[in-house]
Amino acid sequence: MSGCAARRNRPEGKVLETVGVFEAPKQHGKYETGQLFLHSVFGYRGIVLFPWQARLYDRDVASPVTEKSENAAGHGSKEVKGKTHTYYQVLIDARDCPHISQRSQTEAVTFLANHDDSRALYAIPGLDYVSHEDILPYSSTDQVPIQHELFERFLMYDQTKVPPFVARDTLCAWQEKNHPWLELSDVHRETTENIRVTVIPFYMGMRWRYCIRLENLDSEVVQLRERHWRIFSLSGTLETVRGRGVVGREPVLSKEQPAFQYSSHVSLQASSGHMWGTFRFERPDGSHFDVRIPPFSLESNKDEKTPPSGLHW
């Protein structure tokens with residue numbers, strides 16, 4: 001594939017901006033540190049920092065032998081086996097953040113600011129997790145093609161390399177230090193009536209963070225109206241949470257803007273548990289339907305680690 005890469009998200013009245021030349025997407029293998037890309041769904045410019053290998057539990061893929069199991073609350077679900085899938089830690093171009101803020105949170109990475117206070121959170125703006133198939137790679141002759149406060153701290157230009165942006169020692173040190181709080185290990189996915197829900201949970205020491213992406217695979221416009229969560233803790237408690245929308249919004253999913261992504265947090269009374277539930281959507285005719293949230297485990301890390309107190313170089 002060749003041609004000019006241009007941002008899909010732009011203010012009204014603005015012309016498309018040429019940012020580089022498209023490259024053929026990789027069908028096999030991983031993208032390297034320094035790979036420039038456009039996000040195929042959200043349209044922002046970004047650059048790959050490093051890959052993560054996750055276990056993808058996809059309930060849309062039928063197993064050779066499909067069995068039914070009951071979880072702690074009697075919720076029937078298909079047994080699925082995780083398969084390895086590549087996700088990437090990426091930087092988002094700050095110029096694109098205002099144009100995607102209604103569809104995707106641009107602070108997808110959070111830490112506990114204080115290990116003893118589970119209410120205090122520290123957020124890193126402009127970091128995201130991107131699935132391999134969401135990357136549209138491109139090249140650029142610009143030596144600083146991405147505007148982000150961490151770009152020149154993490155990467156440097158080297159014209160002898162392909163891609164020509166290589167990791168600085170600070171990026172390697174940052175990854176090693178914050179590995180337990182950055183790494184995604186499990187990804188859960190399920191589709192109901194053409195609405196696909198993807199969940200990525202993260203353990204943070206005193207609580208869990210989970211990122212959720214809602215994607216409309218159909219052409220019909222739908223709007224998220226309610227959420228219904230069930231949270232089971234191994235202490236024996238089962239909590240039900242209902243509410244309007246998510247993170248204060250009731251997003252509309254359409255053919256033009258098919259996806260919405262957000263993150264939230266949860267605390268348990270025990271070291272592990274499970275979450276599952278439904279999102280209620282409304283159709284244009286006023287009818288409603290429920291979309292399943294795939295059940296996922298909240299498992300604490302085996303070894304005790306201290307969360308980072310911030311960014312130090």
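Keep in mind that the numbers below use all heavy atoms, side chains included, and drop hydrogens, waters and symmetry copies.
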K.L.:
Pair Val291, Leu214 - check side-chain contact (heavy atoms from CB on, under 4.5 Å), show working.
P.N.:
CA-CA 10 Å; Val291 170; Leu214 304 169; 5.9 Å; no
K.L.:
For Glu32, is the CD atom crowded, meaning more than 12 foreign heavy atoms sit under 6.0 Å from it?
P.N.:
no
K.L.:
Run the salt bridge (charged side-chain N to carboxylate O under 4.0 Å, His left out) test against Asp290 and tell me which residues pass, sequence neighbours left out.
P.N.:
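Expected list: Arg280.
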K.L.:
Does the side chain of Glu23 come within less than 4.5 Å of Gln35's, by heavy atoms?
P.N.:
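The answer is yes, as the side chains (C-beta and beyond) meet within the 4.5 Å cut-off.
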K.L.:
In this structure, is the centre-to-centre distance between the rings of Phe154 and Trp174 below 6.0 Å?
P.N.:
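Yes, ring centres under 6.0 Å apart.
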K.L.:
Quick one: closest heavy-atom pair of Ser263 and Val247, and the distance?
P.N.:
O-CG1, 3.9 Å
K.L.:
Find out whether Val221 and Glu256 are in side-chain contact, i.e. whether some heavy atom of one side chain is under 4.5 Å from a heavy atom of the other.
P.N.:
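Not touching, per the 4.5 Å side-chain cut-off.
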K.L.:
Between Arg95 and Asp93, is there a side-chain N and carboxylate O pair less than 4.0 Å apart?
P.N.:
yes
K.L.:
Would you check if the side chain of Asp96 reaches a backbone N or O of Arg45 as a donor-acceptor pair within less than 3.5 Å?
P.N.:
yes
K.L.:
Distance alone, cut at 3.5 Å: any donor-acceptor contact between the side chains of His85 and Ser131?
P.N.:
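Checked: His85/Ser131 side chains pair up, N/O donor to acceptor below 3.5 Å.
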K.L.:
Would you say Asn216's side chain and Leu253's backbone share a donor-acceptor pair under 3.5 angstrom?
P.N.:
yes
K.L.:
For Gly43 and Leu38, which heavy atoms make the closest approach, and how far apart are they?
P.N.:
O-CD2, 4.4 Å
K.L.:
Are any non-hydrogen side-chain atoms of Val222 and Asn194 less than 4.5 angstrom apart?
P.N.:
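No; the side chains remain at least 4.5 Å from each other.
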K.L.:
His39 and Phe42: ring-ring contact (aromatic ring centres under 6.0 Å, His included), yes or no, with the steps?
P.N.:
CA-CA 5 Å; His39 194 293; Phe42 296 115; 4.9 Å; yes
K.L.:
Are the side chains of Pro163 and Ser139 in contact, using a 4.5 Å heavy-atom criterion?
P.N.:
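No, too far: nothing below the 4.5 Å cut-off.
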K.L.:
Which residues pass the ring pair (Phe, Tyr, Trp, His ring centres under 6.0 Å) test with Phe281, not counting sequence neighbours?
P.N.:
Phe289
K.L.:
Quick one: do Ile293 and Trp276 satisfy side-chain contact (heavy atoms from CB on, under 4.5 Å)? Show the steps, please.
P.N.:
CA-CA 6 Å; Ile293 304 171; Trp276 67 96; 5.6 Å; no
K.L.:
Trp52 and Tyr87: ring-ring contact (aromatic ring centres under 6.0 Å, His included), yes or no, with the steps?
P.N.:
CA-CA 5 Å; Trp52 294 117; Tyr87 277 73; over 10 Å; no
K.L.:
Please step through side-chain contact (heavy atoms from CB on, under 4.5 Å) for the pair Phe37 and Val90, ending with a clear verdict.
P.N.:
CA-CA 10 Å; Phe37 70 92; Val90 306; 3.7 Å; yes
K.L.:
Please examine the side chains of Ile92 and Leu127, heavy atoms only from C-beta on, and report whether any two atoms are closer than 4.5 Å.
P.N.:
no
K.L.:
Can you sort out the partners of Asp186 under side chain to side chain donor-acceptor pair (under 3.5 Å), two or more places apart, ordered by chain and number?
P.N.:
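Asp186: side chain to side chain donor-acceptor pair (under 3.5 Å) contacts with Arg55.
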K.L.:
Any chance the rings of Trp229 and Tyr210 have centres within less than 6.0 Å?
P.N.:
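Under 6.0 Å, so yes.
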K.L.:
Would you say the side-chain atoms of Asp60 pair up with the backbone N or O of Thr191, donor to acceptor, closer than 3.5 Å?
P.N.:
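Yes, the answer is positive, given that a donor and an acceptor are paired below the 3.5 Å cut-off.
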K.L.:
How are the rings of Phe232 and His274 set to each other: parallel, tilted or perpendicular (split at 30° and 60°)?
P.N.:
parallel
K.L.:
In sequence, state the C-alpha distance, the side-chain angles, and the governing distance for Tyr31 and His132, and then conclude on ring-ring contact (aromatic ring centres under 6.0 Å, His included).
P.N.:
CA-CA 8 Å; Tyr31 292 105; His132 183 86; 4.9 Å; yes
K.L.:
Kindly work out whether a path of hydrophobic side-chain contacts (I/L/V/M/F/W/Y, heavy atoms less than 4.5 Å apart) joins Phe165 to Phe22.
P.N.:
yes
K.L.:
Considering only heavy atoms from C-beta outward, does the side chain of Leu298 approach that of Ser272 to under 4.5 Å?
P.N.:
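The answer is no; the side chains never approach within 4.5 Å.
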K.L.:
Treating Ser233 as the side-chain partner and Ala270 as the backbone partner, does any N or O pair qualify as donor plus acceptor under 3.5 Å?
P.N.:
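Answer holds: yes.
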K.L.:
With a 4.5 Å cut-off on side-chain heavy-atom distances among I, L, V, M, F, W and Y, is there a chain of contacts connecting Leu150 to Leu171?
P.N.:
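As far as the 4.5 Å side-chain criterion goes, Leu171 and Leu150 are connected within one cluster.
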K.L.:
Sequence neighbours excluded, which residues qualify as ring pair (Phe, Tyr, Trp, His ring centres under 6.0 Å) partners of Phe279?
P.N.:
none
K.L.:
Please list, chain by chain and in numerical order, all residues satisfying side chain to side chain donor-acceptor pair (under 3.5 Å) with Gln175, sequence neighbours excluded.
P.N.:
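Applying side chain to side chain donor-acceptor pair (under 3.5 Å) to Gln175 gives none.
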K.L.:
I need the minimum non-hydrogen distance between Lys30 and Tyr88, along with the two atoms involved.
P.N.:
CA-OH, 3.4 Å
K.L.:
Carefully, step by step, assess Asp128 and Gln261 under the rule side-chain hydrogen bond (donor to acceptor under 3.5 Å, both in side chains).
P.N.:
CA-CA 11 Å; Asp128 200 3; Gln261 182 172 294; 3.2 Å; yes
K.L.:
To the nearest 0.5 Å, what is the distance between CG on Leu49 and OG1 on Thr33?
P.N.:
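Nearest 0.5 Å value for the CG-OG1 distance: 7.0 Å.
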K.L.:
Could you give me the CA-CA distance, side-chain angles and deciding distance for Arg207 and Val266, then say whether side-chain contact (heavy atoms from CB on, under 4.5 Å) is met?
P.N.:
CA-CA 6 Å; Arg207 61 164 67 178; Val266 64; over 6 Å; no
K.L.:
Just by distance, do the side chain of Gln223 and the backbone of Glu250 share a donor-acceptor pair under 3.5 Å?
P.N.:
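Checked: pair present.
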K.L.:
Honestly curious: do Leu136 and Tyr138 fall in one hydrophobic cluster under the side-chain, below-4.5 Å linking rule?
P.N.:
yes
K.L.:
Looking at every heavy atom in both Arg59 and Pro294, which two are closest together, and how far apart are they?
P.N.:
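Result for this residue pair: NH1-CB, 3.7 Å.
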K.L.:
Between Val241 and Phe296, is there shared hydrophobic-cluster membership here, with clusters defined by ILVMFWY side-chain heavy atoms closer than 4.5 Å?
P.N.:
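Yes.
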K.L.:
Main chain of Gln257, side chain of Ser254: is a donor-acceptor contact present, judged purely on distance under 3.5 Å?
P.N.:
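Yes.
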K.L.:
Quick one: does any side-chain atom of Ser140 pair with a main-chain N or O of Asp142 as donor and acceptor, under 3.5 Å?
P.N.:
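Pair found, side chain donor or acceptor close to backbone of Asp142.
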K.L.:
Let me confirm one number: the CD1-CG distance from Ile47 to Leu36, rounded to the nearest 0.5 Å.
P.N.:
4.5 Å
K.L.:
Assess whether atom CD of Gln269 is packed by more than 12 heavy atoms of other residues, nucleotides or ligands within 6.0 Å.
P.N.:
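Atom CD in Gln269 is not crowded, with 12 or fewer foreign heavy atoms closer than 6.0 Å.
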K.L.:
Enumerate the side-chain hydrogen bond (donor to acceptor under 3.5 Å, both in side chains) contacts for residues 157-169, please, sequence neighbours excluded, ordered by first and then second residue.
P.N.:
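Applying side-chain hydrogen bond (donor to acceptor under 3.5 Å, both in side chains) to every pair that reaches into residues 157-169, excluding sequence neighbours, yields Asp158-Thr160.
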K.L.:
Check whether any side-chain N or O of Thr86 sits under 3.5 Å from a backbone N or O of Gln53 as a donor-acceptor pair, and report yes or no.
P.N.:
no
K.L.:
Would you say the side chain of Pro295 lies within less than 4.5 Å of the side chain of Met275, judging by non-hydrogen atoms?
P.N.:
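Of all side-chain heavy-atom pairs linking Pro295 with Met275, none is under 4.5 Å.
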K.L.:
Would you call Asp218-Arg196 a salt bridge at under 4.0 Å N-O?
P.N.:
no
K.L.:
Can you name the closest pair of heavy atoms from Ala54 and Val187 and give their distance?
P.N.:
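The answer is CB-CG2, 3.9 Å.
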K.L.:
Does Arg189 use its side chain to pair, donor to acceptor, with the backbone of Val197 at less than 3.5 Å?
P.N.:
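No, the answer is negative, given that no donor and acceptor are paired below the 3.5 Å cut-off.
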K.L.:
Going through the distances and angles, do Arg283 and Glu193 end up as a salt bridge (Lys or Arg N to Asp or Glu O under 4.0 Å)?
P.N.:
CA-CA 12 Å; Arg283 299 185 182 95; Glu193 296 198 35; 2.7 Å; yes
K.L.:
Taking C-beta and beyond as the side chain, do Tyr129 and Leu182 meet within less than 4.5 Å on heavy atoms?
P.N.:
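A side-chain contact under 4.5 Å exists here.
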K.L.:
Flag yes if Val246 and Ile195 sit in one hydrophobic cluster, no otherwise; membership is Ile, Leu, Val, Met, Phe, Trp, Tyr, and two members link when side-chain heavy atoms are under 4.5 Å apart.
P.N.:
yes
K.L.:
What closest approach, in Å, do Glu133 and Ser40 show between heavy atoms, and which atom pair accounts for it?
P.N.:
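Closest heavy-atom pair between Glu133 and Ser40: O-OG, 4.0 Å.
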